[in-house]
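Worksheet: one structure, shown below.
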2 protein chains.
Amino acid sequence: MKPNIKDIARLAGVSSTTVSRVLNNRGYISIQTREKVQKAIKKLNYHPNDLARSLYHKHTYFIGLIFPTTANPFFGELVSDIENECASQGYKVFLCNSLGRADKEIKYLNMLQRNQVDGIIVGAHNRNIPEYRQANLPIVAIDRYLSNKIPVISSDNFLGGKLATNWLLEQGCRNIIHICGPHELETPANRRRDGYEEVMRSAGKKPIIYELAEMLPDNRTDVVRRVFTEQPEVDGIFASDDLIAATVLSESKKYRRLNCNHIKVVGYDGTETVRTCLPQLTTIEQPIHQIAWEAVRILLSQINGEFQSSDNEILLPIKLVVGTP
Amino acid sequence: MKPNIKDIARLAGVSSTTVSRVLNNRGYISIQTREKVQKAIKKLNYHPNDLARSLYHKHTYFIGLIFPTTANPFFGELVSDIENECASQGYKVFLCNSLGRADKEIKYLNMLQRNQVDGIIVGAHNRNIPEYRQANLPIVAIDRYLSNKIPVISSDNFLGGKLATNWLLEQGCRNIIHICGPHELETPANRRRDGYEEVMRSAGKKPIIYELAEMLPDNRTDVVRRVFTEQPEVDGIFASDDLIAATVLSESKKYRRLNCNHIKVVGYDGTETVRTCLPQLTTIEQPIHQIAWEAVRILLSQINGEFQSSDNEILLPIKLVVGTP
DNA sequence: TTACATATGTCAATCGGTTGTCATATAATT
DNA sequence: AATTATATGACAACCGATTGACATATGTAA
């Protein structure tokens, strides 16, 4: 059986109050007693039960992370950065992969509340989920509006869309198409599309948009192929994430064999992984470290009751990274 | 303040024992009472405190995941799959990114024990850490020997190394070099290198191995460049993971401008992400879903006291995936 | 009428710590 | 000698639930 504080007290020949005092550095403790206790702790390989502690203190140092999936390199990097930042501040994270399913998301939210998390960081992409508003809990959203009380961290999606489209124009593209992920209401990421539309209209061109039904690999290929067959004149594509852009590149290679068109592509996210695999891809780089850092900072400020309403909406800068030739 | 079971009892006009009976479906409860209680739960947005429950039952349904980082697509996909499988069995996961640092790993192990996890899945890559043996806890390791009592899940690294090297030989490569990650003791992943060495020796060739000092992007580029300058005759590279392989590809593109060598490359892992970005890369595909599934299955069998010693070492099949032309 | 199933309540112990209050004892200071 | 700082223990309440034992109602079936 796992030892408890009484076992330690017995072995060290002291009271459990004294053990608690050693563990928490409170009150007077002689060096001899401290050492006796620490020796007993080592000997029995004792680990104080943090659940009991948390129960008493009503503070768990748990944080819930709800994201679509760490299998996507953008979320994989973001979650890794968030977890690091949390760990360095003494918080532990529950990972929840919602897989784009609203029902999973609601179940996770419920689970996190039952487990008394101190706060939640949400980057999942589902339709409006009212449960977030009722959850009377510190929450931070990444690239998503949950309610007007829940702070949002975004990077400058609108500017990103504009920069991407402008770059394609500068490269001499005449027929630029935008391919984006499944459309959701009130997602700041939709502003990428707005940026694209604005630049297109300013240039006197008609925006053409293709939308994925779901965020699946097969789906990406299907849509990209449809673009190539339905839009034979296309010479520029702005993809709303790098994996779609990668699919465009590989499909266009096959296509190019039949057709000598050159197609310029711009992606979105600029993760380390995709930059390593496809350095030739031009992309809009999101400041992942900064997003993670701000999300944790704002969540902890809520948890510690120091939230500034100026932090209710954070817009971080993006950067166009031109691919290596 | 958050409501507790007594608040629900008071509002529903019943005793807290009755509320507990409703929550746990025990004993006799009339439909009317059940409805009164459920209405009170909804009204107060009550979430039973699972920490208190866990404390009493000595069972948390928590599982700790210790991995290098979800920023690496292999671990990102693996962690996502593991989390999914856990969630579908009612378990919640703590995510721990050790970042290849043994000190972090030990701290995480400690933290997980203090938080009474029911078990741990370790995929981190550090030197021998004796703390795992003392931790009197169900543990499963992925591609790593922790102790003879801790079951290991691996894919067939030795065969992978052989298949990769053989393929390069079949492609007509004469000077095949192996680049691998930082070398650790007793890691089954080192068998990839053994497979390479065996095939090379059988072919009467001398194995040449370059090793990364650390798993960092800059490091990869440095080593790859060193290979190109120090081994001008190289025409085949077996990289021990896809990101190294990707770096070889992109560096060789630059190199090819100065030198008309063609270099064939084989990577390792075959993640969805890298397959999407670099479908032309030949690679050894690890069965990520299966690894995740087996890891969870074996961990839960330990937790439920149904562990079969035949599961002490699981070897899963790998597959050579030839890149698209 | 007796027996049993159904329905609910009271009460206390338990899980593993934390913390405040009091008591007590030794040692160091004034 | 009186005061104060140091060191430890005993005890109980508390955090929020679970559970078993026991009491006490009904309602229903034998």
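By convention in this document, chain letters (A, B, ...) are assigned in the order of the sequence lines, proteins followed by strands, and residues within each chain are numbered from 1.
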Whole-Å distance separating the CZ atom of Arg21(B) from the C1' atom of dT10(C): 10 Å
Ser98(A) OG to Phe75(A) CZ distance, which is reported to the nearest 0.5 Å: 8.5 Å
Mind checking Ser30(B) for me? I need base, sugar-phosphate or nothing, with any heavy atom below 4.0 Å counting as a touch. sugar-phosphate
5′-ward residue of the pair Met1(A)/Val14(B) relative to DNA chain C: Val14(B)
I need the CG-C1' distance between Asn4(B) and dA17(D), as an integer number of Å. 9 Å
Is it true that atom CG of Asn136(A) has more than 12 heavy atoms of other residues, nucleotides or ligands lying nearer than 6.0 Å? no
From the set dT8(D), dA17(D), dT19(C), return the single nucleotide nearest to any side-chain atom of Ala52(B). dA17(D)
Centroid-centroid under 6.0 Å between Phe62(A) and Tyr91(A) rings: no
With a 4.0 Å cut-off on heavy atoms, is Asn24(A) in touch with a base, just the backbone sugar-phosphate, or nothing at all? sugar-phosphate
Counting side-chain heavy atoms from CB outward, which of dT8(D), dT14(C), dG16(C) is closest to Thr33(A)? dT8(D)
Between Tyr132(B) and Ile66(B), is the side-chain contact (heavy atoms from CB on, under 4.5 Å) condition met? List the steps. CA-CA 12 Å; Tyr132(B) 280 114; Ile66(B) 307 184; 3.6 Å; yes
Take atom NE2 of His59(A) and atom P of dT18(C), then tell me their distance rounded to the nearest Å. 15 Å
OP1 or OP2 of dA17(D) versus the side-chain N and O atoms of Arg53(B): is any pair under 4.0 Å? no
Under 4.0 Å, counting only non-hydrogen atoms across every strand here, what does Thr17(A) touch: a base, just sugar-phosphate, or nothing? base
Please confirm whether the shortest side-chain N or O distance from His57(A) to OP1 or OP2 of dG17(C) is below 4.0 Å. no
Rounded to the nearest 0.5 Å, how far apart are CD1 of Ile291(A) and CD1 of Ile142(A)? 6.5 Å
Whole-Å distance separating the CG atom of Asp7(B) from the C1' atom of dC15(D): 14 Å
Are Tyr56(A) and dC15(C) close enough that a side-chain N or O sits under 4.0 Å from OP1 or OP2? no
Reckon Lys58(A) touches a base, only the sugar-phosphate, or nothing at all at heavy-atom distances under 4.0 Å? sugar-phosphate
Give the rounded distance in Å between these two atoms: CG of Leu23(A) and C1' of dG16(C). 12 Å
Closest of dT10(C), dT18(D), dC15(C) to the Ser15(B) side chain is dT10(C)
Figure out the CZ/C1' separation between Arg34(B) and dT6(C), and round it to whole Å. 13 Å
Looking only at side-chain atoms of Leu55(B), point me to the closest of dT19(C), dT8(C), dG16(C). dG16(C)
Residue pair Gly27(B)/Gln116(B) against DNA chain C: nearer the 5' end by closest nucleotide is Gly27(B)
At under 4.0 Å between heavy atoms, what does Ile29(A) touch on the DNA or RNA strands: base, sugar-phosphate, or nothing? sugar-phosphate
State whether a side-chain donor-acceptor pair under 3.5 Å links Gln116(B) with Thr60(B). no
Whole Å only: how far is the CG atom of Asn25(A) from the P atom of dA7(D)? 13 Å
Is the phosphate of dT6(D), meaning OP1 or OP2, less than 4.0 Å from a side-chain N or O of Tyr28(A)? yes
dG20(D) base to Arg26(B) side chain: any donor-acceptor pair below 3.5 Å? no
Separation of dC15(C) atom P from Asn49(B) atom CG, nearest Å, is 18 Å
Taking N and O atoms by type only, does the side chain of Arg114(B) place a donor or acceptor under 3.5 Å from a partner on the base of dG17(C)? no
